[in-house]
There are 2 protein chains.
Amino acid sequence: MATGRNHRPATRSRGIPEATVARLPLYLRALTALSERSVPTVSSEELAAAAGVNSAKLRKDFSYLGSYGTRGVGYDVEYLVYQISRELGLTQDWPVAIVGIGNLGAALANYGGFASRGFRVAALIDADPAMAGTPVAGIPVQHADDLDRIISENGVSIGVITTPPGAAQQVCDRLVAAGVTSILNFAPTVLSVPDGVDVRKVDLSIELQILAFHEQRKAGEEAASADSGPDPAAPPVRAATSSRKGPDGDMPAVMPA
Amino acid sequence: MATGRNHRPATRSRGIPEATVARLPLYLRALTALSERSVPTVSSEELAAAAGVNSAKLRKDFSYLGSYGTRGVGYDVEYLVYQISRELGLTQDWPVAIVGIGNLGAALANYGGFASRGFRVAALIDADPAMAGTPVAGIPVQHADDLDRIISENGVSIGVITTPPGAAQQVCDRLVAAGVTSILNFAPTVLSVPDGVDVRKVDLSIELQILAFHEQRKAGEEAASADSGPDPAAPPVRAATSSRKGPDGDMPAVMPA
DNA sequence: CTATCTTTGTGCACGCGTTCACAAAGACAT
DNA sequence: ATGTCTTTGTGAACGCGTGCACAAAGATAG
């Protein structure tokens with residue numbers, strides 16, 4: 001019943017830190033590229049550079065999985081690919097259902113990176129009856145009324161939500177009721193899920209806003225003597241100290257929508 | 001020249017912790033919803049619940065911005081919306097360019113959440129000459145040859161990369177050369193950027209793999225007495241101790257692509 | 001067999017982020 | 001004016017993650 005429990009709070013899973021788990025796919029990608037070039041072994045320094053991380057961090061990460069390297073030589077690429085794949089659970093097939101086949105849902109269905117690495121788009125679900133039967137990326141869209149059955153029959157345990165924000169919580173509840181225990185949420189909504197269900201959030205708007213923050217800061221630093229404009233340290237006229245400072249007139253309406 | 005410097009390493013910006021910056025958009029979204037319902041004030045407890053975070057964390061986050069609350073009452077919604085918007089730099093217009101108009105790029109161009117909150121899709125760029133002139137989401141696609149000019153003329157400082165992975169680094173280099181200092185990267189590639197350029201990464205494949213890890217762990221815990229199958233603690237036959245343990249035959253080919 | 005050289009694996013220290021718990025502050029009733 | 005009650009703002013403790021620096025381990029040459 002935890003409201004808005006995003007990501008993993010601090011529950012270390014099976015001794016492997018969450019931060020390490022988040023980097024394993026990165027290592028795996030770099031190792032796969034090396035494997036395709038038939039590189040037999042790789043040092044922590046080389047692999048770290050390819051993955052964009054510190055070499056000490058990489059070695060510590062791998063130490064959580066076990067001692068898979070050879071001192072003086074490095075790591076066996078194929079063996080490490082297998083170990084990480086196994087640790088991440090990519091040696092098995094993961095049927096995935098995408099709910100909400102709008103622009104984004106359709107794009108994800110077509111996305112090649114989805115299909116590889118053990119993930120398979122098993123079902124596309126939408127609430128619009130007009131879309132039922134229409135194939136998207138070669139997969140017919142099914143109606144949301146049959147959500148329970150679709151999830152059960154396909155053994156889906158990972159759901160992807162690409163609905164409008166208003167429908168996200170309801171879809172989430174139905175997915176969880178049908179047996180889904182992992183959700184990738186693209187809707188800009190805080191989802192409430194019961195314990196035992198993992199939610200990961202991908203929010204384009206939030207990413208842009210974080211970039212805007214740093215962008216503004218960079219601009220404010222370079223032009224420290226601008227035309228009274230973006231000085232992030234000078235707050236505007238603070239409203240009176242009364243309890244209701246609503247319609248004072250100096251509060252610009254910032255958000256268009 | 002820093003290779004693979006993603007996110008912010010540890011550089012605290014303007015006294016505001018990076019973790020706090022990442023949560024400000026979340027608060028802003030919740031506050032905007034309250035504002036639309038004409039709620040005048042909100043307590044840290046209520047707002048924290050709406051944003052899905054701890055109330056103490058929220059209060060500490062706001063304390064970095066200043067003392068904008070009233071003890072015994074809570075926070076003025078409109079005032080806080082303005083303060084956070086200003087802090088995030090959303091009071092100004094941010095022209096954004098999307099490079100790589102495939103499925104995902106087109107979906108982002110159509111995505112409504114992009115347009116709101118000060119972000120404006122100023123240009124769509126693709127390397128395919130056949131797409132030049134074709135309107136996507138009402139915006140004509142322009143050819144990548146004119147990238148420099150497009151970025152300069154529109155004053156774009158935030159670029160979104162939705163190209164195939166092979167083209168991402170080259171596109172990134174050209175964007176940076178043209179003056180872009182913030183990049184949102186959807187391509188599964190580690191980007192190298194010079195200092196002063198911020199890169200944020202959105203990687204669907206990585207998110208799924210993290211979910212798969214926890215999913216596997218959950219499945220392994222519940223069925224602790226399965227048919228010798230997914231025991232995450234028992235490593236398979238370790239290859240011989242020689243330096244080259246490549247083609248031993250017992251190394252399953254895990255990655256299909 | 002011994003020496004040297006490379007690279008892993010990790011002990012340790014440090015800093016950031018989170019959470020608790022509580023004093024200070026202000027609203028509100030009397 | 002005073003007391004009570006609610007809620008903020010923050011000091012302090014704790015835990016996680018990161019990076020340094022080095023010893024241990026093994027390969028390789030002589």
Side-chain angles (χ1 to χ4, degrees), chain A residues 2 4-13 15-24 26-27 40-49 51-77 79-80 83 238-245, chain B residues 2 4-13 15-24 27 40-49 51-77 79-80 83 239-245:
Chain A
R5 179 173 146 278
N6 293 357
H7 296 233
R8 299 251 96 188
T11 318
R12 183 165 291 194
S13 320
I16 300 182
E18 187 61 23
T20 295
V21 173
R23 280 188 295 269
L24 289 182
L26 225 55
Y27 302 146
T41 62
V42 66
S43 70
S44 65
E45 205 71 47
E46 293 168 322
L47 185 55
V53 301
N54 188 297
S55 70
K57 194 188 299 186
L58 179 142
R59 287 197 299 274
K60 183 150 290 194
D61 283 342
F62 286 173
S63 77
Y64 292 115
L65 308 182
S67 291
Y68 293 152
T70 305
R71 300 182 187 218
V73 174
Y75 299 91
D76 183 283
V77 171
Y79 188 67
L80 205 45
Q83 288 300 337
R238 175 66 191 268
T241 57
S242 82
S243 65
R244 290 282 284 107
K245 30 184 147 56
Chain B
R5 177 174 148 279
N6 293 357
H7 297 229
R8 299 249 97 189
T11 318
R12 182 166 290 195
S13 320
I16 300 182
E18 185 61 24
T20 296
V21 173
R23 280 188 295 268
L24 290 182
Y27 302 146
T41 60
V42 65
S43 70
S44 64
E45 205 72 46
E46 293 167 324
L47 185 55
V53 301
N54 189 297
S55 71
K57 194 187 297 186
L58 179 141
R59 286 198 299 275
K60 181 146 288 193
D61 283 341
F62 286 173
S63 78
Y64 292 116
L65 307 182
S67 291
Y68 293 151
T70 307
R71 300 180 188 224
V73 175
Y75 299 90
D76 183 283
V77 171
Y79 188 67
L80 204 46
Q83 288 299 337
T241 57
S242 81
S243 64
R244 289 282 283 102
K245 31 184 146 55

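In what follows, every chain begins at residue 1, and chains take the letters A, B, ... in the order their sequences are listed.
- Regarding contacts with the backbone of C/dG17, every side-chain N or O of B/N54 stays at 4.0 angstrom or more from both OP1 and OP2.
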Decide side chain to side chain contact (heavy atoms under 4.5 Å, CB included) for B/V53 and B/Y27; before the verdict, give the C-alpha distance in whole Å, the side-chain angles of both, and the deciding distance to 0.1 Å.
CA-CA 9 Å; B/V53 301; B/Y27 302 146; 3.7 Å; yes

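- Of the candidates D/dA21, D/dT8, D/dT10, the closest approach to any side-chain atom of A/R59 belongs to D/dA21.
- When side chains are defined from C-beta on, A/I16 counts as touching A/L65, because their heavy atoms get closer than 4.5 Å.
- Put simply, CD on A/E18 is 17 Å from P on C/dG17, counting in whole angstrom units.
- Considering every non-hydrogen atom in both B/G15 and B/Y64, the closest pair reads O-CD2, 3.9 Å.
- When each of C/dG9, D/dT18, D/dG9 is scored by its nearest atom to the side-chain atoms of A/R23, the top-ranked nucleotide is D/dT18.
- Distance from the side chain of B/R71 is smallest to C/dA24 among C/dA27, C/dA24, C/dT7.
- Distances were taken from every side-chain heavy atom of A/S44 (C-beta onward) to each of C/dG9, D/dG9, C/dT8; the shortest belongs to C/dT8.
- Rounded to whole Å, atom C1' of D/dT18 lies 16 Å from atom CZ of A/F62.
- Ranked by how close their nearest DNA chain D nucleotide is to the 5' end, A/K60 and B/G72 are led by B/G72.
- What separates CG of B/D61 from P of D/dG9 is a distance of 12 Å, to the nearest Å.
- Side-chain nitrogen and oxygen atoms of B/Y75 include at least one within less than 4.0 Å of the OP1 or OP2 phosphate oxygen of D/dG9.
- Atom CG in A/L24 sits roughly 13 Å away from atom P in D/dG17 (whole-Å rounding).
- Rounding to whole angstrom units, CG of residue B/D76 and C1' of D/dT8 are separated by 15 Å.
- Between D/dT10, D/dG19, C/dA27, one nucleotide has an atom nearer to the side chain of B/T70 than all others, and that is C/dA27.
- Counting to the nearest Å, the C1' atom of D/dA21 and the NZ atom of A/K57 are 17 Å from each other.
- In this entry the distance linking CD of A/Q83 with C1' of C/dT8 reads 17 Å, nearest Å.
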Evaluate the criterion ring pair (Phe, Tyr, Trp, His ring centres under 6.0 Å) for residue pair A/F62 and A/Y75; output intermediate values, then yes/no.
CA-CA 10 Å; A/F62 286 173; A/Y75 299 91; 5.1 Å; yes

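- Mapping B/A56 and A/A56 onto DNA chain D by nearest heavy atom places B/A56 at the nucleotide closer to the 5' end.
- Here C/dT7 presents its C1' atom at 13 Å from CG of A/L58, a figure rounded to the nearest Å.
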Could you walk me through whether A/L47 and A/L58 pass side chain to side chain contact (heavy atoms under 4.5 Å, CB included), step by step?
CA-CA 8 Å; A/L47 185 55; A/L58 179 142; 3.7 Å; yes

